[in-house]
Amino acid sequence: MESLLESHPSAWPEIFKELGVPSFHGKIAARWVFQRGATSWQEMTDLPASLREMLEAQTPLQRARLVDKSEARDGAVKVLLAMEDDATVEAVGMPGTDGRTLCLSTQVGCAVKCGFCASGMEGLSRNLTQGEILEQVLWLRRAQGAFQRIVVMGMGEAGHNLDAVLGALDVLLDDTGFGLSARRITLSTVGPKNALPRIAAWGRPVNMALSLHAPDDLLRQQLVPGVANRTIAETLAEADELFVAHGREYTVEYVLLAGVNDSPEQAEALASLLFRRRCHVNLIPFNPVPELDYARPESMVQEDFAKRLRERGLSVTLRRSLGRESDAACGQLRRRSLPTDDLRTEV
Ligand code: SAH
């Protein structure tokens with residue numbers, strides 16, 4: 001039987017009824033999982049022992065296994081989880097001044113193949129299911145304690161797996177699930193065809209981050225080949241529509257790559273592009289990936305780039321890199337643990 005995590009908790013009573021047990025046990029079970037952090041049926045001591053055993057045998061709650069773990073000096077803990085078919089994904093818990101943030105993966109690998117990102121180097125293996133996305137949350141909470149924020153910024157392109165991603169977010173947001181406020185969730189995407197309009201139509205006002213990385217179409221096509229068929233203008237127009245729908249400013253993410261997209265002229269071009277748009281710019285200095293030739297610009301170049309945007313009236317943050325010492329860039333822990341043969345085929 002598929003994991004109960006594949007179903008919204010409001011449907012659990014009905015599922016229990018179909019299993020031939022009183023539906024109110026479904027409500028109790030959902031509370032155990034989402035509010036009290038249970039990761040096995042056995043823990044739910046107010047459910048009948050026979051029911052717990054039946055569920056444990058038929059539909060275990062925790063199906064992922066821990067394969068690897070790395071911890072950075074700043075406290076960011078990244079885990080590599082193997083799903084039932086042995087596909088592996090990363091998830092990260094990051095401490096911060098205002099609480100713990102969990103970073104979730106949405107796919108095994110990624111089809112977008114951004115030139116500077118480790119996640120897409122082997123291409124896409126498969127989408128994660130809603131339950132597999134939620135399992136990352138349960139895992140990290142069990143291992144590290146309560147969390148205050150979710151960022152969907154791990155491996156994978158959320159816009160290529162929206163059914164599962166929005167399903168998981170519905171569970172995170174709903175009071176019968178984790179009960180998290182939309183303000184505390186950030187969804188990051190390169191903006192594939194139909195993704196941003198669909199998120200706008202879904203209507204929950206989560207924070208949106210758009211990975212842009214270039215101020216002109218030609219360079220973006222090179223850096224973000226998976227959306228080479230989309231122009232920056234149409235992508236930003238869709239993001240602007242999100243502001244109309246959600247009333248919330250979006251974030252433009254821009255990975256700073258030395259000698260590629262960090263020149264003063266490119267800063268000016270980016271400023272012109274974003275002038276009067278309801279967005280905030282997040283500059284992310286490149287996190288080195290051993291197999292890739294890109295380099296992180298000098299601090300002075302990073303700061304000059306940020307300053308030029310600010311002088312043109314934009315709100316800008318220059319991201320400090322959490323977990324940089326510990327295979328922090330997306331996909332690196334996974335690559336470290338893949339058999340070397342797999343790596344060679346793609347490099
Ligand atoms: N697929 C989503 C989530 C990716 S991870 C997206 O593209 O938005 C979140 C951010 O980290 C993205 O902006 C991504 O481009 C960026 N990123 C990926 N690899 C990086 C690296 N090596 N150094 C710095 N940022 C990186």
Side-chain angles (χ1 to χ4, degrees), residues 76 78 89-92 94 101-124 127-128 133 136 149-162 164-165 169 185-192 195-196 199 206-214 219-220 222-228 230 235 238-239 242 250-258 260-262 270 279-297 302 305 317-336:
K78 178 178 280 192
V89 293
E90 298 179 355
V92 194
M94 301 172 284
T101 299
L102 308 186
C103 176
L104 308 181
S105 292
T106 58
Q107 296 183 308
V108 184
C110 183
V112 182
K113 288 184 165 281
C114 296
F116 48 81
C117 177
S119 295
M121 289 171 89
E122 286 89 38
L124 175 70
N127 282 334
L128 291 179
I133 296 170
Q136 298 169 55
R149 284 186 173 69
I150 295 279
V151 295
V152 184
M153 292 193 179
M155 295 173 52
E157 168 47 47
H160 285 159
N161 187 20
L162 276 180
V165 170
L169 294 188
I185 295 178
T186 302
L187 182 54
S188 182
T189 175
V190 296
L196 292 169
I199 294 163
V206 296
N207 302 301
M208 286 303 307
L210 176 64
S211 291
L212 195 67
H213 309 318
L219 182 59
R220 189 165 195 255
Q222 288 163 13
L223 292 177
V224 194
V227 282
R230 311 221 70 216
T235 309
E238 288 176 353
L242 263 176
Y250 56 94
T251 298
V252 168
E253 290 168 293
Y254 193 100
V255 173
L256 285 171
L257 305 164
V260 176
N261 66 356
D262 65 341
L270 183 63
C279 66
H280 169 89
V281 182
N282 190 11
L283 299 174
I284 316 170
F286 174 63
N287 256 326
V289 177
E291 298 89 342
L292 298 176
D293 283 338
Y294 291 107
R296 162 184 286 240
Q302 298 176 20
F305 198 95
T317 46
L318 185 57
R319 181 147 116 185
R320 82 193 161 101
S321 298
L322 272 175
R324 189 149 67 91
E325 316 89 345
S326 81
D327 309 295
C330 306
Q332 288 194 54
L333 181 60
R334 175 161 179 266
R335 283 185 69 73
R336 198 179 73 189

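Atoms within a ligand are numbered from 1 in the order they appear, just like the ligands themselves.
Distances from atom 4 (C) of ligand 1 to the heavy atoms of Gly115, Ala118, Ser119, Gly154 put Gly154 nearest. Distances from atom 1 (N) of ligand 1 to the heavy atoms of Pro285, Ala158, Gly156, Ser188 show the closest one on Gly156.
Judged by the shortest distance from any of its heavy atoms, Met155 lies outside the 4.0 Å radius around the atoms of ligand 1.
Taking the centre of each ring, His280 and Tyr250 stay at or above the 6.0 Å mark.
Listed by number with element, the atoms of ligand 1 under 4.0 angstrom from any heavy atom of Ser211 are 6 (C), 7 (O), 8 (O), 12 (C), 13 (O). The Cys117 neighbourhood of ligand 1 comprises atoms 18 (C), 19 (N), with distances under 4.0 Å to a heavy atom of that residue. Against a heavy-atom cut-off of under 4.0 Å, Ile284 is close to the following atoms of ligand 1: 24 (C), 25 (N). Every atom of ligand 1 with a heavy atom of Met153 under 4.0 Å away is listed here by number and element: 5 (S), 9 (C). Against a heavy-atom cut-off of under 4.0 Å, Thr189 is close to the following atoms of ligand 1: 8 (O). Taking a cut-off of under 4.0 Å to the non-hydrogen atoms of Val289, the atoms of ligand 1 that pass are 22 (N). Heavy-atom proximity to Val190, at under 4.0 Å, picks out these atoms of ligand 1: 7 (O).
To the nearest 0.5 Å, atom CD of residue Gln107 and atom CD1 of residue Ile133 are 9.0 Å apart. Here the CZ atom belonging to Arg296 is positioned 9.5 Å from the CG atom belonging to Leu256, to the nearest 0.5 angstrom. Here OG of Ser211 is found 7.5 Å from CZ of Arg220. Values are rounded to the nearest 0.5 Å. Taken from CE in Met153 to CE in Met94, the straight-line distance is 8.0 Å, to the nearest 0.5 Å.
By the criterion of a heavy-atom distance under 4.0 Å, both the backbone and the side chain of Asn287 are placed next to ligand 1. Here Glu253 has side-chain heavy atoms under 4.0 Å from ligand 1, and that is the only part of it that gets that close.
Contact check on Glu238 versus Arg230 returns a salt bridge, with a Lys/Arg side-chain nitrogen under 4.0 Å from an Asp/Glu carboxylate oxygen.
Defined by atom type and a distance below 3.5 Å, a donor-acceptor pair is missing between the side-chain atoms of Thr251 and Asn282. Side chains of Ser188 and Glu253: a donor on one and an acceptor on the other come within 3.5 Å.
Annotation: Arg319 places no N or O atom under 3.5 Å from an N or O atom of ligand 1; distance criterion only.
Residues satisfying the side-chain hydrogen bond (donor to acceptor under 3.5 Å, both in side chains) criterion with Thr235, sequence neighbours excluded, are absent altogether.
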